[in-house]
Amino acid sequence: MAIITISRGSMSGGRAVAECLAARLGHPSLAREILRGAAAKLGASEAVLETKFETTPRLWERLSRERERYVLAVRTALLDACLEGDLVYHGLAGQFLLRGLRGVLRVRLIAPLEARVRMLMDGHHRMSRRTAEDFIRNVDEERRRWARITYGEDVEEPSLYDLTVNLRILSPESACAAIAEAAAEPAFAVTDEVRAEWAAQAAECHQRLDSMAEKAERWP
Amino acid sequence: MAVICISRGTKSGGQVLAECLAARLGYPILGREVAQEAAMQLGVSARTLEEKMSDRPSVWGRFSSMRRMYAVAVQTSLAERALAGHLVYHGLAGGLLLKGLPGLLCVRLIAPMRIRIEAVMDDLGTDASASERYIHELDDARARWVRVMYGENVADPHLYDLVVNLETITMEGACALVARAAEAPELAPTDAVLDRQRDFLSSCRVRLALATDPELRSLELDAEARGSLVVITGQAPLRSGGRTGELIHSLARGVPGIQEVRMGVEWFDPYP
């Protein structure tokens, strides 16, 4: 089987699909747990890491290597989790953090704006339509900017993903079934060779992280 | 069970996927033949119709009534074939022509340029550079056609239910996952879905009747059928004796199953 990363906009059904896949394939579904792992590696709080990792850096921050360290910590935590076994990751930037690695199925979930707005208007959010629309647009824009600045990519570009699923007609369960089918493809098989590749990448990340920590201590 | 429309760039494997899906699901398959059927209905050559359907519209041709008529004719032929509730279509603009049809699954295939170039080199015997140019030219022409006719970006993933990247997913894998999606209960042909598919076809037939009439051809009229009722919208000139209105009524009522015509047309004075 495979590691599955799910990229999605806010309120696009990512969690429901990730949980369905996790139940269907018997893998853990992870998002914040990876951030917690990264925070532990850095000796930082989860809140600080969340701010540093998930928000678009200001101009002066782009010049410092601090951000890079936070992103690297999350990549390291995710690679470590992958080495423990197959998983479904539905946190931020999975498609970038595991880019180029074999055995990873990169999925993008999209949903019509109206359905996403409804999710915020109904349920426990109870937002007004205007507030819900503004919220979704702001979060989408923030993530687009983040990806553009951090990775130089447009997060909406379909070629970044192996599969894009639109939840305009398909339910999360049907999306889950189609994604599970894709995960069974030979290209995503986690062989010993693939696992060795991940281990080498993880080791390199740990080394870079240690080296950055040393430099940060010397020149805080 | 679904009506599957496959969109793809030049030499991106659309026909292979369509054939695989048709064999796997036991659905009929349809490609360019739909244009031939539509051409026969209009009494024009298939070549003329295909040119109108796929060429870049000229500045003056953008709003041409002939272009609209050809598109409506193809839409109607396609809707006729989709009425059985299961079909694999791999011709031009299926998802846009059948937009709003219940039970529709729109799939977009993307393939790495190197594979597409190899396919053109094999087919046409051209070198890599000429093959790449050929691909870009055809892709651009189709993208422009979709933009002009429907105001959409053909590469926009929001137009599709699934976008499959053949860089990593094999054709067999793509076929398996699309087939799985086609079995989704949301796409099942319930009585309500079949009713709406019949309504879709009736709407197309009325649109075609209006678009092919010499007196109405130049007007931008639309039709939405629900059971035996059809609502006509758009703009039309107010002529003495209500001739235009009568003609619209008569043509719409000539479509099988339509008994009532409701006019939502905005009338304007052609000689103010």
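Model, not experiment: these values are computed from the prediction. Per chain, numbering begins at 1; letters A, B, ... match sequence-line order.
Closest heavy-atom contact between B:Ala155 and A:Pro158: O-CG, 4.2 Å. Heavy-atom minimum distance, B:Thr168 versus A:Ala187: O-CB, 3.3 Å. Contact detail for A:Asp162 and B:Ile169: the closest heavy-atom pair is O-CD1, 3.5 Å. Considering every non-hydrogen atom in both A:Ser174 and B:Glu186, the closest pair reads OG-OE2, 2.7 Å. Listed here is the closest heavy atom pair of B:Leu104 and A:Ile169: O-CD1, 3.6 Å. When all heavy atoms of B:Pro157 and A:Asn166 are compared, the pair lying nearest together is O-ND2, 4.2 Å.
Heavy-atom contacts from other residues, nucleotides or ligands closer than 6.0 Å to CZ of A:Arg36 number more than 12. Shown here is A:Gln207, whose CD atom has no more than 12 heavy atoms of other residues, nucleotides or ligands within 6.0 Å. Residue-environment remark: CZ (B:Arg226) stays at or below the threshold of 12 foreign heavy atoms within 6.0 Å. Within 6.0 Å of CZ in A:Arg15 there are 12 or fewer heavy atoms belonging to other residues, nucleotides or ligands. Within 6.0 Å of CD on A:Glu114 lie more than 12 heavy atoms contributed by other residues, nucleotides or ligands.
In this structure, A:Arg168 CZ and B:His158 NE2 are separated by 10.0 Å, a value rounded to the nearest 0.5 Å.
Comparing A:Ala175, A:Ala111, A:Ala177 by how many heavy-atom pairs each has under 4.5 Å with chain B, the most go to A:Ala177. Among the candidates B:Ala181, B:Ala174, B:Gly173, the residue making the largest number of heavy-atom pairs closer than 4.5 Å to chain A is B:Gly173.
Under the side chain to side chain contact (heavy atoms under 4.5 Å, CB included) test applied with A:Leu163, the options B:Val163, B:Asn165, B:Leu177 reduce to a single match, B:Leu177. With B:Leu162 as the partner, the side chain to side chain contact (heavy atoms under 4.5 Å, CB included) test is satisfied by one option alone out of A:Leu170, A:Thr164, A:Ile179: A:Leu170.
Both the backbone and the side chain of A:Glu156 come within contact range of chain B, each with at least one heavy atom under 4.5 Å from a heavy atom of that chain. Only the side chain of A:Phe188 comes within contact range of chain B, judged by heavy atoms closer than 4.5 Å. Heavy-atom distances place no part of B:Leu109 under 4.5 Å from chain A, backbone and side chain included.
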